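Let me begin by presenting the structure, written as structure tokens, before commenting on it.
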Amino acid sequence: MSEFLDLNTPEMFWEIVDKSLNKGSLPSETINFKESNGRILAEDLFSPIDLPPFSRSTVDGFAVKAEDTFGASESMPIYLNVKGEVFMGQETKVRVEVGEAVKIPTGGMLPEGSNAVVMVEYVDYVGEKMIEINRSVGVGENVVYKGEDIPKGKVLLNKYHKIRPQDVGALAGLGITDVEVYKKPKVAVIATGDELVSPESVPGVSEIRDINSYTIGTTLEEVGAEIRYVGIIPDKFDFLRENIKNNLDCDLILISGGSSVGVKDMTVEVLNSLGEPGVLSQGITIKPGKPTIFAVVEGKPILGLPGHPSSSFIITQVIVKPLVEKIMGIKEKSIKCNIKAKLSRNLDSDKGREEYIPVRLIETAEKNHIAEPIVGESAMISKFVYADGYIKIDANKEGLNKEETVDVYLY
Ligand SMILES: Nc1nc2c(c(=O)[nH]1)N[C@H]1C(S)=C(S)[C@@H](COP(=O)(O)OP(=O)(O)OC[C@H]3O[C@@H](n4cnc5c(N)ncnc54)[C@H](O)[C@@H]3O)O[C@H]1N2
Ligand code: MOO
């Protein structure tokens with residue numbers, strides 16, 4: 001039976017992964033822009049047009065020559081002839097000459113000859129076709145010029161960019177209705193354990209419902225993966241072997257449970273029976289999550305995750321998510337410190353293991369944050385349910401002090 005004497009540090013683990021992973025090599029497909037949120041671009045996208053396609057007013061007011069308004073004030077208004085009106089969605093034929101103004105709505109097409117818009121608030125009619133203006137405007141004020149938002153030919157988004165809602169809006173505005181994206185990575189999630197039953201079943205005495213398939217699966221769906229819930233496999237060598245083989249068409253296989261050193265923990269043995277290279281890393285200096293396994297079978301990456309629900313959750317956050325992002329070719333780091341907070345109490349930690357602790361955030365009257373650690377066994381999922389995020393204690397530290405400022409990673 002293998003023991004965890006030689007754990008890999010996360011750095012060593014990633015070095016092993018990087019050497020054996022085929023990064024960013026998923027096939028691509030063309031999809032409609034409305035389905036593109038969260039997908040990874042497989043092409044550099046250039047703007048095919050000027051946006052906006054014509055110069056527009058950004059306010060309700062009067063299109064003018066800015067120079068005509070210079071020096072205007074409440075005590076010294078200037079007077080302009082109203083030449084006509086711009087209507088929404090209609091081409092403007094009227095031209096603004098010196099001493100003239102044209103009424104214009106927000107978004108209306110700026111008439112030729114004008115270069116600024118005075119807001120209605122600073123204008124009074126002093127005759128049917130004459131206005132007085134009591135505030136000057138600079139050239140370009142209250143105007144968005146043709147192509148000022150996104151000029152024709154400019155790179156809008158780069159290959160491997162993860163498309164966000166604001167990007168979808170820009171695609172719509174530019175009329176880019178078809179986009180080439182990478183196919184979603186297919187991830188198979190296998191739960192192992194004779195004691196496990198599905199969430200829909202009523203557990204018998206000493207049975208428990210499968211939690212990990214769903215924390216893992218839904219986390220990775222958020223990243224942009226397509227999940228194949230394989231289900232629960234009993235702790236039997238041949239069953240696990242068969243199920244791994246059957247899912248080698250996926251881009252990644254995740255096996256929850258059976259990673260440790262118990263008599264029924266056979267993940268390592270099964271993986272090594274499936275051909276070279278098999279298990280490349282067994283055990284990692286992360287707490288919780290020590291038994292994490294990385295293997296390659298028929299060129300496909302496979303991770304063995306610890307069975308304890310909290311351990312499985314944190315390893316999904318700090319190992320599986322980044323690994324899936326590597327497969328997808330995503331460049332941006334998804335694990336970001338979202339907030340700084342002061343720790344509510346001292347925390348001990350084992351030197352030599354990077355430790356992750358769930359925290360609840362409390363906002364102070366001064367709008368600062370206090371991070372309150374939630375302690376409990378790795379066997380408990382509730383720690384992370386009641387938490388807003390987690391903090392990390394570096395491997396070279398023996399703990400953190402009360403009042404110390406910590407980085408909180410929200411999820
Ligand atoms: N003698 C030792 N015992 C253990 C060690 C060790 O180093 N020496 N490591 C402990 C740590 S740390 C962890 S984490 C667990 C990991 O064990 P396994 O990955 O082998 O997982 P199992 O034994 O199959 O299960 C552990 C625990 O988790 C429950 N479980 C498993 N799968 C699920 C699931 N899908 N949903 C909900 N709960 C699940 C399972 O019932 C067990 O209670 O090993 C420690 N032991
Ligand atoms: O590694 Mo275990 O995952 O510490 O709880």
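All values reported here derive from a predicted model rather than from experimental measurement. One is the number of the first residue; the rest follow in order along the sequence. Start at 1 and go down the list; that is how both ligands and their atoms are numbered.
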Handout entry: Heavy atom of Arg209, distance to ligand 1 below 4.0 Å
Key = yes

Handout entry: 4.0 Å heavy-atom contact, Gly193 with ligand 1
Key = no

Practice task
Mind checking whether Pro288 contacts ligand 2 via backbone (N, CA, C, O), side chain (CB onward), both or neither, at a 4.0 Å heavy-atom cut-off?
Solution key: both

Problem - Part of Arg353 with heavy atoms under 4.0 Å of ligand 2, whether side chain, backbone, both or neither - result: side chain

Completion exercise
Which of Ile49, Val155, Leu156 passes side-chain contact (heavy atoms from CB on, under 4.5 Å) with Ile150? It is Leu156

State whether a side-chain donor-acceptor pair under 3.5 Å links [X] with [Y].
| X | Y | answer |
| --- | --- | --- |
| Arg209 | Ser201 | no |
| Glu15 | Asn8 | no |
| His308 | Asn212 | no |

Closer than 4.0 Å to some heavy atom of [X] - which atoms of ligand 1 meet that?
| X | answer |
| --- | --- |
| Asp210 | 34 (C), 35 (N), 36 (N) |
| Gly257 | 19 (O), 21 (O), 24 (O) |
| Ser259 | 18 (P), 19 (O), 20 (O) |
| Gly258 | 18 (P), 19 (O), 20 (O), 21 (O), 22 (P), 24 (O) |
| Ser256 | 32 (N), 35 (N) |
| Pro306 | 14 (S), 19 (O) |

Exercise for the section: Verify the ring-centre separation between Tyr390 and Phe384: is it less than 6.0 angstrom? Expected result: no

Practice task
Examine Tyr229 together with Tyr214 and report whether their ring centres are nearer than 6.0 Å.
Solution key: yes

Exercise for the section: Please say whether more than 12 non-hydrogen atoms of neighbouring residues, nucleotides or ligands are located less than 6.0 Å from CD in Glu74. Expected result: no

Problem - Heavy atoms of other groups near Glu67 CD, more than 12 under 6.0 Å - result: yes

Practice task
Check Arg228, Lys186, Lys300 against Asp249 for a side-chain hydrogen bond (donor to acceptor under 3.5 Å, both in side chains) and give me the one that passes.
Solution key: Arg228

Practice task
Locate the shortest heavy-atom distance separating Gly138 from Glu141; write the atom from each residue and the value.
Solution key: N-OE1, 2.8 Å

Fill in the blank from the handout: Closest heavy-atom pair, Ser55 versus Lys146, reported as atoms and distance to 0.1 Å, is OG-N, 3.0 Å

Relative to the heavy atoms of [X], which atoms of ligand 2 are at a distance of less than 4.0 Å?
| X | answer |
| --- | --- |
| Lys290 | 1 (O), 3 (O) |
| Gly289 | 1 (O), 2 (Mo), 3 (O), 4 (O) |
| Ser378 | 5 (O) |
| Ser311 | 2 (Mo), 3 (O), 5 (O) |
| Pro291 | 1 (O), 3 (O) |

Judged on heavy-atom distance to [atom], which of [options] sits nearest?
| atom | options | value |
| --- | --- | --- |
| atom 12 (S) of ligand 1 | Pro291, Ser260, Pro309, Ser378 | Pro291 |
| atom 7 (O) of ligand 1 | Lys290, His308, Met266 | Lys290 |
| atom 19 (O) of ligand 1 | Ala379, Ser311, Gly307, Ser312 | Gly307 |

Problem - Any donor-acceptor pair under 3.5 Å from Ser344 side chain to Ile370 backbone - result: no

Problem - His308, any N or O under 3.5 Å of ligand 2 N or O - result: no

Exercise for the section: Report the part of Asp235 (side chain from C-beta onward, or backbone N, CA, C, O) that has a heavy atom under 4.0 Å from ligand 1; answer both or neither where that applies. Expected result: neither

Practice task
Mind checking whether Thr267 contacts ligand 1 via backbone (N, CA, C, O), side chain (CB onward), both or neither, at a 4.0 Å heavy-atom cut-off?
Solution key: neither

Practice task
Given side-chain hydrogen bond (donor to acceptor under 3.5 Å, both in side chains), test Thr30 with Asp178 step by step and report yes or no.
Solution key: CA-CA 6 Å; Thr30 303; Asp178 287 336; over 6 Å; no

